[in-house]
Amino acid sequence: SITDEGELSTVCYRPEGLDSLVQQTKFSKKELQVLYRGFKNECPSGVVNEDAFKSIYSKFFPQGDSSMYAHFLFEAFDTTNNGLVSFEDFAVSLSIILRGSITDKLNWAFNLYDLNKDGCITKEEMTDIMQSIYNMMGKHTYPSMRVSAPKEHVDCFFQKMDKNQDGVVTIEEFLETCQKDENIMHSMHLFDNVI
């Protein structure tokens, strides 16, 4: 039937450079094909701009305002800084998040938090990230969050991470502290078997 042929052509479709993407990621060809179908379903043009990314992301957090966190996430996925996330950008980042080594995952997280990409995380950057996470979770969480919670979280982060107390967290401080923290190490493995 025509429907079966349509489904078959979708299943068999291979984006350009699939072999190259298999080499760049820790996904198999089949996994990449499944990811690509989902990506094309949400982004028929093959790329997503920031507004569309925010719209898609907001579906996961309907109780809060995810726009600021989605902005930060979009910038981390947009590795070429061209204002678009291609399937290749998406697959490479997702591969790191889901299947990367602990160091790869931590480097990716550091890049997310280092908003101006100057190689260190400031209190202002971390405050912006924390505020965006609290906004995304919504005001009506249980138990309800105190207004001071983002600042307290940032203070705790810097107390733990800023080893030389110079007001910034470098990648070295970040990696060293995270790798010694059991809770962080456990959370790094949460998504190991997602796909």
task: Kindly give the heavy-atom pair with the smallest separation between A76 and S93, and that separation in Å.
output: O-OG, 4.1 Å
- request: Over all heavy atoms of both residues, which pair between L98 and K105 is shortest? Give the atoms and the distance, please.
  value: O-NZ, 4.0 Å
- prompt: Does E42 reach the side chain of V48, with side-chain heavy atoms less than 4.5 Å apart?
  reply: no
- prompt: Looking at side-chain heavy atoms only, is the closest gap between F110 and L175 below 4.5 Å?
  reply: no
query: So, do D128 and L115 sit near enough that their side-chain heavy atoms are less than 4.5 Å apart?
result: yes
- prompt: Are more than 12 heavy atoms from other residues, nucleotides or ligands located less than 6.0 Å from atom NE2 of H153?
  reply: no
query: So among R99, K26, R37, which one has a salt bridge (charged side-chain N to carboxylate O under 4.0 Å, His left out) with E31?
result: R99
- prompt: By the rule that ILVMFWY residues connect when side-chain heavy atoms come within less than 4.5 angstrom, directly or transitively, which residues belong alongside L84?
  reply: V47
message: Quick one: does any side-chain atom of K54 pair with a main-chain N or O of S66 as donor and acceptor, under 3.5 Å?
response: no
- prompt: Can you find a pair of side-chain heavy atoms, one from F74 and one from V85, that are under 4.5 Å apart?
  reply: yes
field: CG on N82 to CG on N49, rounded to 0.5 Å
entry: 11.0 Å
statement: From the list T177, V168, T170, I121, side chain to side chain contact (heavy atoms under 4.5 Å, CB included) with M161 holds only for T177
- request: I would like to know whether K29 and D19 meet side chain to side chain contact (heavy atoms under 4.5 Å, CB included); could you show each step before the answer?
  value: CA-CA 7 Å; K29 238 180 196 181; D19 290 330; 2.7 Å; yes
field: Minimal non-hydrogen separation, V22 against S28, with atom names
entry: CG2-C, 4.3 Å
task: Taking the side chain as every heavy atom from C-beta outward, state whether K151 and T127 have any atom pair closer than 4.5 Å.
output: no
- prompt: Would you call the rings of F87 and F90 parallel, tilted or perpendicular if under 30° counts as parallel and over 60° as perpendicular?
  reply: tilted
message: Could you measure the distance from the OG1 atom of T25 to the CG atom of L94? Nearest 0.5 Å is fine.
response: 9.5 Å
field: ILVMFWY network linking M185 to Y113, side-chain heavy atoms under 4.5 angstrom
entry: yes
query: So how far is it from E172 CD to K163 NZ, rounded to the nearest 0.5 Å?
result: 13.5 Å
query: How long is the gap from SG on C178 to CG on N183, to the nearest 0.5 Å?
result: 11.5 Å
task: Determine whether more than 12 heavy atoms belonging to other residues, nucleotides or ligands lie under 6.0 Å from atom NZ of K117.
output: yes
task: For D89 and D78, indicate whether the former's side chain and the latter's backbone hold a donor-acceptor pair under 3.5 Å.
output: no
message: Nearest 0.5 Å, please: how far is CE in M137 from OG in S132?
response: 11.5 Å
query: Measuring from M136:CE to L73:CG, what's the distance to the nearest 0.5 Å?
result: 8.5 Å
- prompt: Under a 4.5 Å cut-off applied to non-hydrogen side-chain atoms, are D181 and H186 in contact?
  reply: no
message: Do F157 and V169 have side chains that approach each other closer than 4.5 Å (heavy atoms only, starting at C-beta)?
response: yes
message: Determine whether a donor-acceptor pair (N or O, by modelled atom type, separation under 3.5 Å) exists between the side chain of Q33 and the backbone of L18.
response: no
message: For the backbone of D118 and the side chain of D114, can you confirm whether one donor and one acceptor N or O come within less than 3.5 Å of each other?
response: yes
task: Go through the structure and list residues passing ring-ring contact (aromatic ring centres under 6.0 Å, His included) with F61, not counting sequence neighbours.
output: Y57
task: Would you check if there is a donor-acceptor pair between the side chains of N135 and Q131 at a distance under 3.5 Å?
output: yes
- prompt: What heavy-atom pair brings F158 and T122 nearest, and what distance separates the two atoms?
  reply: CZ-C, 3.3 Å
- request: Look only at the side chain of N107 and the backbone of T103, and say whether a donor-acceptor pair between them is shorter than 3.5 Å.
  value: yes
- request: Indicate, with yes or no, if F77 and I56 share a hydrophobic cluster defined by side-chain heavy-atom contacts under 4.5 Å among Ile, Leu, Val, Met, Phe, Trp and Tyr.
  value: yes
In one Ile/Leu/Val/Met/Phe/Trp/Tyr side-chain cluster, 4.5 Å: I102, F174: yes
task: Step by step, work out the side chain to side chain contact (heavy atoms under 4.5 Å, CB included) result for E173 and N164.
output: CA-CA 9 Å; E173 289 172 318; N164 63 1; 3.0 Å; yes
query: With distance as the sole test, does D104 use its side chain to make a donor-acceptor pair with the main-chain N or O of W108 at under 3.5 Å?
result: no
message: One pair to check against side chain to side chain contact (heavy atoms under 4.5 Å, CB included): F27 and L21. What are the steps and the verdict?
response: CA-CA 8 Å; F27 294 129; L21 212 47; over 6 Å; no
